Amino acid sequence: MMIIMRTEATQSQIASVVARIEKQGLRAHISHGAERTAIGAIGDGRLINRDTYILLPGVDRVVSISRPYKLASREFCPEDSGFPVDGVHVRPGQVLLIAGPCAVESRSQMLEVAQAVHEAGAHALRGGAYKPRTSPYSFQGLGKEGLEILAEARELTGLPVITEVMAPEKVSLVAEYADVLQIGARNMQNYALLRAVGESHQPVLLKRGMSATIKDLLMAAEYILSHDNERVMLCERGIRTFETATRNTTDINAIPVLKSLTHLPVILDPSHSTGHWEFVSAVARAGIAAGADGLMVEVHPHPEEALSDGGQSLRPKRFAELVEEVKSIAEAMGRKVPPQPVPKLED
Ligand code: PEP
Ligand code: MN
């Protein structure tokens, strides 16, 4: 249930609504809109006595949220949400470009690709230090050393860093280095991890599980949001179907469907969606045309030598071409690719 306050509602009127919610054994979630404050009463709906709120001073109306995901729903927040990520903004109407290798393999590889994607126009860097590999014999990532290299790549380029965290006990370490915590497809329903990244209050990119429905994805997002972390982006990365010509099947439908159901930003990963570099740009373009708020693309300077996902990685030159294509499509859709973050000056 949402309690929408009048535009002229005072702080003390807001506080008494919050106190009433908490007295009923529920949690109050305040969102300050441009014009008015809305207060969500989160918890067991049976505890809510709707009528008592309508009569409180400063209350305009009381709205029930029909979806099982409350904080993630459009009913809760009709406007697209956005938030700053160290120098760049995830912002409605803008297209965020995240690029980098599947895994941080070495200092020289990461710094080379970081500079290349920066020159090509990326807004944020990706690179896995902890890799969820299907085989235990495959490269598992450089761990803490990988995080340190990512931090150096951020220093060099000024681009914020997105990297995966796989276990709750690693959240604080990864959060020390990363600007955005990535939850991988295989961990989308790891509730202990979702809770831990929620409590970290660090921006999160939540990838859709390969067999997860759109509702499952939104319920997973709800875990993070309900632990007081509003800075969540969703990522469509392809789902398992009977088709074997590509690694996964891009659920392009998910983009407009998610945009209608939730206010959260929606990013498309065309690399894991397709699994083949030849198809990445076409699907990336389709994602932007379908309304995605950004792309996360795997880029490697020498894909033939990559320790993971070389076959789906674009070379920097091809990525730079894709950036230009995306700019044209974004413009045709009335959106724009924002400027890159400006590197911080040394003191
Ligand atoms: C990745 O982004 O490198 C990754 C492992 O993706 P996913 O979790 O979508 O498979
Ligand atoms: Mn990968």
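Position 1 is the first residue of the sequence, and the numbers go up from there. What you are looking at is a predicted structure, and each value in this text was computed from that prediction instead of being measured.
Of all non-hydrogen atoms in Gly287 and Leu268, the two that sit nearest each other are CA-CD2, 3.7 Å. Summarising the geometry of Pro78 relative to Arg74, their closest heavy-atom pair is O-NH1, 2.8 Å, with the distance given to 0.1 Å. The minimum heavy-atom distance linking Ile21 with Tyr53 is given by the pair CA-OH, 3.2 Å. Taking all atoms of both residues into account, the shortest heavy-atom contact from Ala220 to Leu194 is O-CD1, 3.7 Å.
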Going through the distances and angles, do Ser64 and Arg50 end up as a side-chain hydrogen bond (donor to acceptor under 3.5 Å, both in side chains)? CA-CA 9 Å; Ser64 325; Arg50 195 189 147 97; 3.1 Å; yes
Does the pair Glu148 and Lys144 meet the rule for a salt bridge (Lys or Arg N to Asp or Glu O under 4.0 Å), with working shown? CA-CA 6 Å; Glu148 287 163 359; Lys144 185 160 185 284; 3.1 Å; yes
Apply side chain to side chain contact (heavy atoms under 4.5 Å, CB included) to the pair Leu96 and Val85, showing each step before the final yes or no. CA-CA 11 Å; Leu96 185 77; Val85 175; over 6 Å; no
Could you please spell out the steps behind the side-chain hydrogen bond (donor to acceptor under 3.5 Å, both in side chains) verdict for His300 and Asp309? CA-CA 9 Å; His300 198 291; Asp309 288 349; over 6 Å; no
Using side chain to side chain contact (heavy atoms under 4.5 Å, CB included), reason through Leu181 and Ser200 one step at a time and then give a plain yes or no. CA-CA 9 Å; Leu181 302 174; Ser200 77; 3.6 Å; yes
Is there a side chain to side chain contact (heavy atoms under 4.5 Å, CB included) between Val17 and Gln13? Walk through the geometry before answering. CA-CA 6 Å; Val17 172; Gln13 289 170 340; 5.9 Å; no
When you look at Leu225 and Glu222, which way does the side chain to side chain contact (heavy atoms under 4.5 Å, CB included) test go after all the steps? CA-CA 5 Å; Leu225 297 166; Glu222 192 75 10; 4.2 Å; yes
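Screening Arg208, Lys207, Arg237 against Asp269 for a salt bridge (charged side-chain N to carboxylate O under 4.0 Å, His left out) leaves a single residue, Lys207. Of the options Arg318, Arg315, Arg126, a salt bridge (charged side-chain N to carboxylate O under 4.0 Å, His left out) to Glu298 is made by Arg126 and by none of the others. Screening Thr157, Thr163, Asp179 for a side chain to side chain contact (heavy atoms under 4.5 Å, CB included) with Leu125, the sole residue that qualifies is Thr157. Just one of Arg247, His276, Glu278 meets the side chain to side chain donor-acceptor pair (under 3.5 Å) condition when paired with Gln312; it is Arg247.
Side chain to side chain, Gln109 and His302 fail the donor-acceptor criterion of an N or O pair below 3.5 Å. Side-chain contact of Ser66 with Glu75: a donor-acceptor pair under 3.5 Å is present, judged by distance alone. Of the N and O atoms on the side chains of Ser226 and Arg27, not one donor lies less than 3.5 Å from an acceptor on the other residue.
Looking only at side-chain heavy atoms (C-beta outward), Arg154 and Asp86 come within less than 4.5 Å of each other. Here the side chains of Val161 and Tyr177 are not in contact, with every heavy-atom distance at 4.5 Å or above. With contacts defined as side-chain heavy-atom distances shorter than 4.5 Å, the pair Glu79/Pro92 does not qualify. Within the 4.5 Å cutoff, the side chain of Met233 has no heavy atoms near those of the Asp293 side chain. By the 4.5 Å heavy-atom criterion applied to side chains, Met219 and Asp216 are not counted as neighbours. Inter-residue side-chain proximity for Val337 and Gln94 is flagged as unmet; no heavy-atom pair is nearer than 4.5 Å.
Atom CD of Glu331 has 12 or fewer neighbouring heavy atoms from other residues, nucleotides or ligands inside a 6.0 Å radius. Atom CZ of Arg240 sits in a sparse spot, with 12 or fewer heavy atoms from other residues, nucleotides or ligands closer than 6.0 Å.
Taking OG from Ser81 and CD from Glu230, the interatomic distance works out to 8.0 Å, rounded to the nearest 0.5 Å.
Residue Leu193 is grouped with residue Val204 when hydrophobic side chains (ILVMFWY) are merged at heavy-atom distances under 4.5 angstrom, including chains of intermediate members. Hydrophobic cluster membership is shared by Leu97 and Met110, with clusters built from Ile, Leu, Val, Met, Phe, Trp and Tyr side chains linked at under 4.5 angstrom.
Residues in residues 107-145 take part in no ring pair (Phe, Tyr, Trp, His ring centres under 6.0 Å) pair, two or more places apart or across chains.
Classification of the His263-Phe76 ring pair by plane angle, with boundaries at 30° and 60°, yields tilted.
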